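Reading through the C-alpha cells given below for one structure.
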There are 2 protein chains.
Amino acid sequence: MAQKIKLSTIAESLGLSTATISLALRDSPLVATDTREKIKEQARALGYIYNRRAASLRTSRSGIIGVVVHDIMNPFYGEILKAIETELDRNRQTFILSNHYDSVEKQRNFIETLLQLGGDGVIMSPAIGTPIEDVRLAETNGMPLILVARSLEGTALPTYRGDDSYGISLATNHLIGLGHKSIAMIGGTDQTSTGRDRYQGYVNALRKAGIEVDPELRIPGPRSMQGGFEAAVNFLSLPQKPTAAVCWNDLVAIGLMNGIARAGLVVGQDISVTGYDDLEQASISVPALTTVSNQQAEVGRLAARALLDRLAGSHEPDGIHLIKPEMRIRQSTGLYRPR
Amino acid sequence: MAQKIKLSTIAESLGLSTATISLALRDSPLVATDTREKIKEQARALGYIYNRRAASLRTSRSGIIGVVVHDIMNPFYGEILKAIETELDRNRQTFILSNHYDSVEKQRNFIETLLQLGGDGVIMSPAIGTPIEDVRLAETNGMPLILVARSLEGTALPTYRGDDSYGISLATNHLIGLGHKSIAMIGGTDQTSTGRDRYQGYVNALRKAGIEVDPELRIPGPRSMQGGFEAAVNFLSLPQKPTAAVCWNDLVAIGLMNGIARAGLVVGQDISVTGYDDLEQASISVPALTTVSNQQAEVGRLAARALLDRLAGSHEPDGIHLIKPEMRIRQSTGLYRPR
DNA sequence: AAACGGAATTAAATTGTTTTAATAATTTAA
DNA sequence: TTAAATTATTAAAACAATTTAATTCCGTTT
C-alpha cells in the first residue's frame with residue numbers, strides 16, 4: 001500500500017506548494033499552463049487519489065445525492081431510477097440509493113446518514129406515513145429535497161409524478177368504450193396519495209358513464225405480481241361476475257392474467273385486463289398487455305433536473321408537477337361478452 | 001438554517017471542551033456518566049448532526065461500502081442486492097450502489113469515486129473484460145474487494161457465486177430424463193466465466209448421456225425477457241426441430257415461453273423449457289417454470305459477510321466459493337413428444 | 001500537611017484539502 | 001532604468017472531528 005499520496009506529496013516532489021497543486025489539478029487559470037501540465041503528469045505518475053472528504057470538509061459540497069424509493073426491485077421504480085442515474089451521471093454526481101420498504105424509520109435513517117455524509121440533496125418517493133418533521137430535518141440542515149412518484153400532503157415541496165387520476169380514467173374509459181359495465185379495480189392501497197388518486201380516477205370515469213360504483217369491486221392488495229396472481233381467485237369468485245379489471249400496475253395485471261389463465265379463462269376474450277406503467281414486460285406478456293404509460297423515464301429525468309437546477313442556484317417555484325400518462329392498447333382487452 | 005451545530009457549539013454551551021463532547025457521544029468510559037448524559041441531552045436538544053467526513057478524515061474509516069453489478073433492474077441481481085443490503089444494514093454500513101452495464105469504464109469510474117470517498121470496501125460483479133489493474137487499483141489503495149456472481153480469471157480474490165456448471169447440468173439432465181434428445185441452449189454469452197461454465201455444464205450433461213453436441217443449438221443473446229422473446233422465432237425454425245430448451249435464466253425462459261405461446265404451441269407439452277435463478281416470477285408464470293435455484297440470497301449474504309469479516313480484521317483465505325444450486329421442477333417441462 | 005493515586009477533563013496536534021490575501025517574479029510602459 | 005502592471009506562486013487559516021499525553025481535581029493514606 002506504500003504510503004498515501006496527497007497534495008503535499010506531489011508538492012514536495014516538485015518543489016511547489018500544495019496551494020499550487022490544488023489549483024492546478026482543478027484547472028485554475030491562476031497557475032501557468034506548463035506548471036499545470038507538469039503537475040497533472042506527476043499526479044498521474046504517483047497515482048494520486050483526490051480526497052473528497054477533505055475537500056468537502058472545506059467546501060461543504062460533497063457531490064453526493066441521495067435517492068430513496070419504496071423498492072428498487074420494482075421495475076416501476078427501476079425505470080425512474082435509471083433516468084435519474086443517467087441525469088446525475090451526466091452531471092458527475094455520486095448517488096446513494098436506498099429502499100425504505102415503506103418504513104418511516106428506515107427512511108429517516110437514510111436521511112440522517114445522508115446529512116452526516118454532507119449530502120447535497122435528496123430525491124425521494126416518500127414512505128407511507130412520512131411525518132413532516134423528517135422532511136424538515138433535511139431542509140433545516142440545508143439539504144434540498146425533491147419528491148418523485150408520490151406526493152406528500154401538507155408540504156409545498158417540488159414533486160414530479162404521473163397524473164394518476166387521469167391515467168386510470170383513461171384505462172377505465174377504454175374498458176367502458178368496449179362495452180364493459182362491471183369493472184373491478186385490483187391491487188394497491190388507498191393509504192397513499194397515489195392510491196387515492198387512482199381510485200378517484202376509476203370512480204370518476206364510471207360515474208361519468210352513468211355506471212354505479214360498487215365498493216365490492218375494489219380489491220386492494222400488494223402491488224406485486226404475486227399480489228395480482230393471488231387476487232385472481234377472489235376476482236373470479238365475485239358475485240357480480242365482473243368482465244374486466246383495471247389493475248394497479250403492470251405487475252399486478254400480469255399476475256392477475258396468469259391467475260386467470262390458470263383458471264382456464266382467456267384474457268382478452270373472457271376477461272379484459274388493463275395494467276398501469278407500461279413496463280418493458282407489458283409488451284411481451286401473453287397476451288400483450290393493454291396499459292397506461294406512466295412516463296417513468298420522464299418523471300425521473302425531471303426530478304433529477306429539478307434537484308440539479310436547485311443546487312445550481314435557480315429557485316424555480318415549488319409545487320406538484322403532473323406528467324400526463326398515455327394509453328397503450330394491446331391484446332389483453334377486448335369487446336364485452338357476458339361471462 | 002441557523003448556523004451549523006458542531007462539537008464546539010455543544011462544548012461552549014456546556015462549558016466543556018470538544019474532546020469531552022467527542023468522547024461522550026461515542027460512549028467512551030473516560031467521561032463521567034452524568035456529564036455524558038448531560039452532553040447527549042444537549043446534543044439532541046441542539047439538533048447536532050455528526051459530521052462523518054470530518055471524523056473519517058481523522059480516522060480513515062468512512063463506513064461506506066460500494067456495490068456494483070451489471071444491472072440492478074435485473075431481478076437476479078436485485079435478489080442478491082437485497083441480501084447484501086440486509087447484511088450491511090445490520091452492521092450499520094452505508095452502501096453506494098451502481099450499475100456498470102458491462103462498461104469497464106463506468107465500473108472504473110465507480111471504483112475511483114469510491115476511493116475518493118474513502119470507501120471501506122467493494123463488492124462487485126465484475127464487468128466483462130475487467131482488467132486486473134482496475135482491481136489492483138482498489139487493493140493498492142487499501143480497499144478490499146469481494147466478487148459476487150461472476151469470477152475474474154487471473155485473480156485470487158474471494159468470490160461468491162453459484163456453481164453454474166453443476167446447475168445447468170441439473171436442468172439438462174432433467175430434460176434428458178424426460179426423453180428429450182434435441183435440446184437447445186438459449187440466451188447469454190460465452191464472454192463471461194459464468195457463460196463458459198454454463199455452456200460447459202450443458203455440454204457435459206449431453207456427452208455423459210451420449211448425445212452429440214450440435215453447436216447450432218446454441219443460440220446466444222441478451223439475458224433479458226425481451227431477448228428470450230425474440231429468440232423464439234429462431235428457436236422454432238431450427239432445422240433440428242429441438243423439443244426442449246435450456247435457458248440462460250428465468251427472464252429469458254419467460255420471454256421464450258411467451259414467444260412460443262404466441263406461435264400457438266403449448267409449453268410443457270409441445271416444447272419443454274427450463275429457466276435458471278428461480279426468481280419470484282418463476283413460480284407464477286404460465287405455465288409455472290421449471291428452473292434451478294441459484295440461491296441468490298445466500299450468495300449475497302455470504303459476500304457481504306466476507307467483506308465485513310475482512311474489515312473486522314479476520315483474514316480468511318481467498319478463493320472461489322461455489323454455492324450449490326437446486327432443481328425446482330414445475331410445469332414448463334414434460335415428457336418428450338416428437339414435434 | 002504532604003504525598004499519592006485515580007478519575008475526569010482538556011490542550012494541542014492531526015487528518016487533506018481549499019481559499020484569500022500577500023509576496024515574488026516577470027513583463028510592459030514611461 | 002525605473003515604476004507600474006501583470007502574472008505566478010505561496011503562507012496560513014479555515015473546515016470539524018479524533019486522539020494522546022498532560023493536567024486538574026478529588027479523596028486517601030501516611
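In what follows, chains carry the letters A, B, and so on, assigned in the order in which the sequence lines appear, proteins first and then strands, with residues in each chain numbered from 1. Because the structure is predicted, anything quoted here is derived from the model rather than measured.
Between B/Thr35 and C/dT9, a side-chain N or O to OP1/OP2 separation shorter than 4.0 Å is present.
Checking A/Ser22 against A/Arg26 by side-chain atom types alone, a donor-acceptor pair falls below 3.5 Å. The closest side-chain donor-acceptor pair between B/Ser56 and A/Arg53 falls under 3.5 angstrom. B/Arg90 and B/Thr86 are not linked by any side-chain donor-acceptor pair at a separation below 3.5 angstrom, with hydrogens and angles left out of the test. A donor-acceptor contact under 3.5 angstrom links the side chains of A/Thr130 and A/Gln107, judged on distance only. No side-chain donor from either of A/Arg52 and A/Ser62 sits under 3.5 Å from a side-chain acceptor of the other.
Axis deviation across the helix from C/dA1-D/dT30 to C/dA30-D/dT1 amounts to 70°, comparing end segments of five pairs, rounded to 10 degrees.
You'll find the side chain of A/Glu153 reaches within 4.5 Å of the side chain of A/Ser193, heavy atoms only. For the pair B/Val67/B/Val122, no side-chain contact is recorded, criterion being any heavy-atom separation below 4.5 Å from C-beta on.
Residues passing the side-chain hydrogen bond (donor to acceptor under 3.5 Å, both in side chains) test with A/Lys38: none are found, sequence neighbours excluded. Under the side-chain hydrogen bond (donor to acceptor under 3.5 Å, both in side chains) criterion, A/Gln93 pairs with no residue, sequence neighbours left out.
A 4.0 Å heavy-atom criterion places the boundary nucleotides of DNA chain D facing chain B at D/dA16 to D/dT19, written 5' to 3'.
Comment: A/Asp120 does not engage A/Arg92 in a salt bridge, judged by the lack of any side-chain N to carboxylate O separation of less than 4.0 angstrom.
We find that CG of A/Leu16 is positioned 17 Å from P of C/dA24, with the value rounded to whole Å. Between the P atom of C/dT15 and the CG atom of A/Leu7 lies a distance of 14 Å, rounded to the nearest Å. At whole-Å resolution of the value, CD1 in A/Ile21 and P in C/dT19 are 16 Å apart. Computed from coordinates, the A/Ile5 CD1 to C/dG16 P distance equals 11 Å when rounded to whole Å.
Classification of the A/Tyr160-A/His321 ring pair by plane angle, with boundaries at 30° and 60°, yields parallel.
Among the atoms of the strands shown, none is found under 4.0 Å from any heavy atom of A/Ser8.
Of the residues B/Leu114, B/Thr94, B/Leu311, the one that meets the side chain to side chain contact (heavy atoms under 4.5 Å, CB included) test with B/Ile65 is B/Leu311.
Remark: B/Gln42 CD to B/Ile10 CD1 distance equals 7.0 Å, nearest 0.5 Å.
Taking a 4.0 Å limit (strictly below) on heavy-atom distances, residues 23-34 of chain A reaches DNA chain C at A/Leu23, A/Arg26. At a non-hydrogen distance threshold of 4.0 Å, A/Leu57, A/Arg58 from residues 39-59 of chain A come into contact with DNA chain D.
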